[in-house]
Amino acid sequence: MISDEFKHEVGSYMQRQADRLLAHQAGIARASYNSRTGSLARALASKATVQEATVSVPYPIHIRFLDLKKTRSGKKKRNYTPIYNRYVYGYLKSDIWRMLMAALPKQMIRTIEDNIKTLK
């Protein structure tokens, strides 16, 4: 029912959003975070992969902990800059969801029209 052309369109949109996400996060990392091992900078400089409507981003495991507002001891961080949750949900979840909600009805109408034309 869903054409290969539509799948390719969605995949390319997901790839663009993932690239925009990594570029934005790399800017935040350069401006707000000190580099210790360089794993965050390397991960954000790499490329995300999109396969079968799944986006894979090679994040280091500690990136989610950078988003916490408090330290291990419970004290509030002096310099807090969100780098993970806010942008992942914004770029990947919300933007891709909006694109799909606009594109799926168009694809369904196109498919129904093609089916009606073949019946005539």
Side-chain angles (χ1 to χ4, degrees):
M1 179 120 190
I2 296 178
S3 67
D4 290 335
E5 178 184 320
F6 181 73
K7 288 178 185 177
H8 179 70
E9 181 183 330
V10 170
S12 64
Y13 185 79
M14 291 172 83
Q15 185 67 51
R16 281 194 309 270
Q17 286 300 102
D19 292 342
R20 286 181 60 213
L21 167 70
L22 287 173
H24 192 114
Q25 287 178 322
I28 291 170
R30 278 191 303 275
S32 301
Y33 291 98
N34 295 330
S35 179
R36 291 192 177 114
T37 63
S39 64
L40 180 63
R42 277 192 307 278
L44 296 176
S46 65
K47 193 132 174 98
T49 57
V50 176
Q51 292 179 344
E52 298 181 15
T54 303
V55 178
S56 297
V57 182
Y59 285 129
I61 193 105
H62 71 278
I63 193 169
R64 296 203 59 191
F65 295 106
L66 295 174
D67 246 9
L68 299 177
K69 292 182 180 182
K70 295 184 179 182
T71 63
R72 269 188 219 177
S73 63
K75 291 183 179 179
K76 190 174 179 180
K77 289 182 179 178
R78 277 185 248 161
N79 297 328
Y80 165 71
T81 306
I83 191 169
Y84 181 75
N85 287 333
R86 178 183 209 178
Y87 301 105
V88 169
Y89 286 102
Y91 280 94
L92 295 183
K93 186 199 173 284
S94 298
D95 285 348
I96 292 172
W97 177 261
R98 270 190 242 118
M99 188 278 283
L100 285 173
M101 290 300 103
L104 274 174
K106 291 176 187 174
Q107 178 65 27
M108 289 171 49
I109 291 168
R110 217 177 297 138
T111 303
I112 291 169
E113 286 174 347
D114 290 344
N115 287 339
I116 290 173
K117 287 177 185 176
T118 57
L119 289 176
K120 289 182 180 181

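Residues: numbered from 1 along the sequence shown. Hydrogens, waters and symmetry mates are skipped; everything else that's a heavy atom, side chains included, is used.
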Legend entry - Heavy-atom check, side chain of Lys7 versus side chain of Val10, under 4.5 Å: no
Legend entry - side-chain hydrogen bond (donor to acceptor under 3.5 Å, both in side chains) involving Arg20 - partner list, sequence neighbours excluded: Gln17
Inset, instruction - Measure the CG-CG distance between Leu66 and Leu40 for me, rounded to the nearest 0.5 Å. - result: 6.5 Å
Legend entry - pair Arg42-Ser39: side-chain heavy atoms closer than 4.5 Å: yes
Inset, instruction - May I ask you to check whether over 12 heavy atoms, not counting those of His8, lie within 6.0 Å of atom NE2? - result: no
Inset, instruction - Calculate, to the nearest 0.5 Å, the distance between atoms CG and OH belonging to Asp95 and Tyr13 respectively. - result: 4.5 Å
Legend entry - Rounded distance [0.5 Å steps], NE2 in His24 versus CG in Leu22: 11.5 Å
Legend entry - Ion pair check, Arg16 and Asp19, cut-off under 4.0 Å: no
In a table with atom names and distances, give each donor-acceptor pair under 3.5 Å that connects a side chain of residues 49-60 to protein atoms at least two apart or in another chain.
unit_1: Thr54; atom_1: OG1; unit_2: Glu52; atom_2: O; d: 3.4
unit_1: Tyr59; atom_1: OH; unit_2: Gln25; atom_2: OE1; d: 2.5
unit_1: Tyr59; atom_1: OH; unit_2: Gln25; atom_2: NE2; d: 3.2

Inset, instruction - Give a yes or no on whether the backbone of Ala29 and the side-chain of Ser32 come within a donor-acceptor separation of less than 3.5 Å. - result: no
Inset, instruction - For Ala103, check side chain to side chain contact (heavy atoms under 4.5 Å, CB included) against everything at least two apart and list the hits. - result: Phe6, Met99
Inset, instruction - Hey, could you give me the CG/CD1 distance between Leu44 and Ile28, rounded to the nearest 0.5 Å? - result: 9.5 Å
Legend entry - Heavy-atom side-chain contact between Thr111 and Asn115 under 4.5 Å: yes
Inset, instruction - Search all heavy atoms of Leu21 against all heavy atoms of Val88 and return the closest pair with its distance. - result: CD1-N, 3.8 Å
